[in-house]
Amino acid sequence: MAPRTRFAPSPTGFLHVGGVRTALYNWLVARQAQGAFILRIEDTDAARNREEWVEGIFDSMRWIGLDWDELYRQSERGALYVDAAAKLEASGLAYWCDCAREAVDARAAARKGPPGYDGFCRERGLGPGEGRALRFRPPDEGATIVPDVIRGAPSFDHATLDDPVIVRSSGDPMFVLANVVDDLDMRITHVIRGEEHLPTTPKYLLLWDALGGGEHPTFAHVPVLVNEKRQKLSKRRDPVALEQYRDEGYLPEVMLNYLALLGWSSPDGEEKLTVEDMLANFRIEDVGNSPAFFDVAKLRAFNGDAIRALSSDEFIARAAPWLEAPHAPWEPEAFDAVAFARLAPLVQERVFRLAEVTAMVDFVFLEEAPVDEGSWIKAMKPHASALLDAVIAAYEICPWEAEHLKAALIEAGEGLELKLKVAQAPVRVAVTGRTVGPPLFESLEVMGREGVLTRLRDARGRL
RNA sequence: GGUCCCAUCGUCUAGAGGCCUAGGACACCACCCUCUCAAGGUGGCGACACGGGUUCGAAUCCCGUUGGGACUGCCA
């Protein structure tokens, strides 16, 4: 039977890199066996969901290349959940409860017991009504084991399960119910999700059976992604939004490659993988079982390697979005594609993220050099005046090609007993505003004699 | 507190009883190259959490300890 997998995000924020990884694993399992990958928006909590987040999820999924075969939104499937709830109630597996959160907490505190619902309404025989929620009643006896391809078969005693609310007093279904009903309805064969869902899986299975589900899906609870403090990556405190990485200029294929490696490795040990490589070698049962740190430094290194591996034309095409508003600081008409193309190969060697391209070439398109104060102080030593005078004189007549510009600067420096390494600094800062950047003489060549001389004279005047 | 999960270099991992003197990648350090910064090249530092077993032999199997994490919502 062809696998049917699903990625079921809740639209309560940006798409999270951890979510993208589980989406990728689901996608791989479906795609490598001609199965179906389903995108299901779990928006049963109307108070938290926002349409813009749903759009953001679609955008992010498309950007990174995870295409889906079927799309569902739980907010449009209410009737299914109502039916399931009625079925559970009719079979005596669910009951109505009117306990407020405060009352539940107060009772727990009073008996000095563990927090959680105590089953207060189990035998009260309440019917539906205002302020009443429907709770599912797991069995008191026995245990449920969860066969999991990456975790073995953890067992959960039914006695430790409390009675989860499956329908809110508003009438809307809760995650535990909608999730199971949909997996059943969509004939999901593999439930691949974060390990944070493991503790609720016994309830999932009990509900599945209560609803007459038949054969269980295969479970794979993948380890969570953690921050440097080894805590689960959180939208609140960690940089986890996929679109943030997109905006910084990480390549989508690199993002996917890096994410795949967090918990999984190719059998041949190769780390630089294409989607085709992953499709050929990925096995969900090979995913590791311990939490992985999302290491931006390694992601960045991979991204730099990938940028360098691009052809020059590809690089120019990929960088294009960062060369215009709102990323670029220069006036649109000041941009010169030919000039950029000449510098592009030199820039390509030096950036790790496409967003860095802008600062590498801005001096060419800006009216004045973007002066960096620290660079100015570092470069404009006492010898700078004499050096700039000599360079200006030489550049007024020197053939305008990198090699000649270099030779002229070497000569100007020799007159002052300055090595090229030292002599180039004032010129670089005068023209580009910074001590770091693409090779100087090629930069000067691209800028042209007039622009360069203007800046050199301007800098000389400010000394 | 309770339930469950996890444990190899700083990080991501390879490792399914002898192939391990524990391999790779990122990071870091040194040197080379060099007009800055990168890139590139060479070399280096660096781990089986601890304690018991089982076995001729354990990073690999079992138990315990310690440490970390997830969950414990009318969130998903």
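Residue numbers start from 1 in every chain, and the chains themselves are labelled A, B, ... in the order their sequence lines are given, proteins ahead of strands. If you're wondering where the values come from, they're calculated on a predicted model, not measured in any experiment.
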Next on the checklist: What verdict does the ring-ring contact (aromatic ring centres under 6.0 Å, His included) test give for A:Y245 and A:F294, after you've listed the backbone C-alpha separation in whole Å, the side-chain angles of each residue and the deciding distance to 0.1 Å?
Outcome noted: CA-CA 13 Å; A:Y245 291 92; A:F294 184 83; 5.6 Å; yes
Item to check | Verdict with supporting geometry, A:E89 and A:W96, side-chain hydrogen bond (donor to acceptor under 3.5 Å, both in side chains) | outcome: CA-CA 9 Å; A:E89 190 187 354; A:W96 294 96; 2.7 Å; yes
Checklist entry - Below 4.5 Å, heavy atoms only, C-beta onward: do A:L354 and A:L251 meet side chain to side chain? => result yes
Checklist entry - Under 4.0 angstrom, heavy atoms only, what part of the nucleic acid is A:P439 near: base, sugar-phosphate, or nothing? => result base
Item to check | Of the listed nucleotides B:A39, B:C26, B:A7, the one nearest the side chain of A:A297 | outcome: B:C26
Checklist entry - A:V296 versus A:Y250: any side-chain heavy-atom pair under 4.5 Å? => result yes
Next on the checklist: Under the criterion ring-ring contact (aromatic ring centres under 6.0 Å, His included), I'd like the reasoning laid out for A:F7 against A:W27: C-alpha separation, chi angles, the key distance, then a yes or no.
Outcome noted: CA-CA 8 Å; A:F7 174 52; A:W27 185 89; over 10 Å; no
Checklist entry - Across the strands shown, which category fits A:P438 at heavy-atom distances under 4.0 angstrom: base, sugar-phosphate, nothing? => result base
Checklist entry - Is there a Watson-Crick or G-U wobble partner for B:U36 with both distances under 3.5 Å, and if so, which one is it? => result none
Checklist entry - Using the P atom in both, what is the distance from B:C48 to B:A7, to the nearest Å? => result 16 Å
Checklist entry - Which of residues 407-428 of chain A have a heavy atom under 4.0 Å from RNA chain B? => result A:L420, A:K421, A:Q424, A:R428
Item to check | Exceeds 12 heavy-atom contacts within 6.0 angstrom, atom NZ of A:K235 | outcome: yes
Checklist entry - Which part of the nucleic acid, if any, lies within contact of A:G194, taking any heavy atom under 4.0 Å across all strands shown: a base, the sugar-phosphate backbone alone, or nothing? => result nothing
Next on the checklist: For A:D313 and A:S311, which I'm curious about, is there any donor-acceptor pair between the side chains at under 3.5 Å?
Outcome noted: no
Checklist entry - Does A:D172 reach the main-chain N or O of A:R168 with its side chain, forming a donor-acceptor pair under 3.5 Å? => result no
Checklist entry - What does A:F352 touch in the nucleic acid at a heavy-atom separation under 4.0 angstrom: a base, only the sugar-phosphate, or nothing? => result sugar-phosphate
Checklist entry - Is a donor on one side and an acceptor on the other found under 3.5 Å between the side chain of A:T358 and the backbone of A:W322? => result yes
Checklist entry - For the side chain of A:E349 and the base of B:C37, is some donor closer than 3.5 Å to an acceptor across the two? => result no
Checklist entry - OP1, OP2 of B:U36 versus side-chain N and O of A:T435: anything below 4.0 Å? => result no
Checklist entry - Looking for any heavy atom pair under 4.0 Å, which part of the strands does A:E442 touch: base, sugar-phosphate only, or nothing? => result base
Checklist entry - B:A22 pairs with which nucleotide, Watson-Crick or G-U wobble, both distances below 3.5 Å? => result none
Checklist entry - Are any side-chain N or O atoms of A:Y117 and backbone N or O atoms of A:P164, one a donor and one an acceptor, separated by less than 3.5 Å? => result no
Checklist entry - Where the side chain of A:K298 is defined as all heavy atoms beyond and including C-beta, which of B:G24, B:U36, B:G69 is the nearest nucleotide? => result B:G24
Checklist entry - Which part of the nucleic acid does A:L262 contact within heavy-atom distance under 4.0 Å: base, sugar-phosphate only, or nothing? => result sugar-phosphate
Checklist entry - Rounding to the closest angstrom, what is the interatomic distance between B:A30 and B:G15 at atom C1'? => result 31 Å
Next on the checklist: Taking B:G2 as the reference, what is the distance to B:A59 when you measure between their P atoms (whole Å, please)?
Outcome noted: 34 Å
Checklist entry - Going by modelled atom types, is there a donor-acceptor pair between the base of B:U11 and the side chain of A:R230 at under 3.5 Å? => result no
Checklist entry - Any side-chain N or O of A:R353 under 4.0 Å from OP1/OP2 of B:A38? => result no
Next on the checklist: Expressed as a whole number of angstroms, how long is the span from A:L259:CG to B:U13:C1'?
Outcome noted: 15 Å
Next on the checklist: Pairing check on B:A49: which nucleotide meets the Watson-Crick or G-U wobble criteria with it, both distances under 3.5 Å?
Outcome noted: B:U65
Checklist entry - Across all strands, who's sitting opposite B:C31 as a Watson-Crick or G-U wobble pair, both distances under 3.5 Å? => result B:G41
Next on the checklist: Counting C-beta onward and ignoring hydrogens, is there a side-chain heavy-atom pair between A:P426 and A:L456 closer than 4.5 Å?
Outcome noted: no
Checklist entry - Can you tell me how far P in B:C19 sits from the matching atom in B:G57, rounded to whole Å? => result 15 Å
Review item, nucleotides 30-32 of chain B N/O atoms under 3.5 Å of protein N/O:
none

Checklist outcome for this item: Ranking B:U36, B:C26, B:C35 by distance to the side chain of A:D295, first place goes to B:C26
Checklist entry - Which pairs, with at least one residue in residues 432-441 of chain A and sequence neighbours excluded, count as a salt bridge (charged side-chain N to carboxylate O under 4.0 Å, His left out)? => result A:D362-A:R434
Checklist outcome for this item: For B:G73, the nucleotide meeting Watson-Crick or G-U wobble distances (both under 3.5 Å) is none
Would you list the protein and nucleotides 44-47 of chain B atom pairs, both N or O, that sit under 3.5 Å from each other?
none

Checklist entry - Which one is paired to B:U55, where only Watson-Crick or G-U wobble pairs with both distances under 3.5 angstrom count? => result none
Next on the checklist: Is a donor from one side chain sitting under 3.5 angstrom from an acceptor on the other, for A:D182 and A:Y81?
Outcome noted: yes
Checklist entry - Which nucleotides of nucleotides 71-76 of chain B have their base under 4.0 Å from a protein heavy atom (B), which only their sugar-phosphate (S), and which neither (-), written as one string 5' to 3'? => result S-BBSB
Checklist entry - Is a side-chain donor or acceptor of A:Q348 paired with a backbone partner of A:L310 at a separation under 3.5 angstrom? => result yes
Item to check | Listed nucleotide nearest any side-chain atom of A:E271, set B:C26, B:G24, B:C6 | outcome: B:G24
Checklist entry - Given the P atoms of B:C50 and B:C9, what is the spacing between them in whole Å? => result 10 Å
Checklist entry - Where the side chain of A:F302 is concerned, which of B:U3, B:U11, B:C26 is the nearest nucleotide? => result B:C26
Item to check | Selected nucleotide, minimal atom distance to A:P154 side chain, candidates B:C35, B:C4, B:C12 | outcome: B:C4
Next on the checklist: Looking at A:G119, is its backbone amide N or carbonyl O close enough to the side chain of A:D163 to form a donor-acceptor pair, meaning the two atoms are under 3.5 Å apart?
Outcome noted: no
Item to check | Residue pairs, two or more places apart or on separate chains, that pass ring-ring contact (aromatic ring centres under 6.0 Å, His included) and touch residues 134-178 of chain A | outcome: A:F175-A:H197
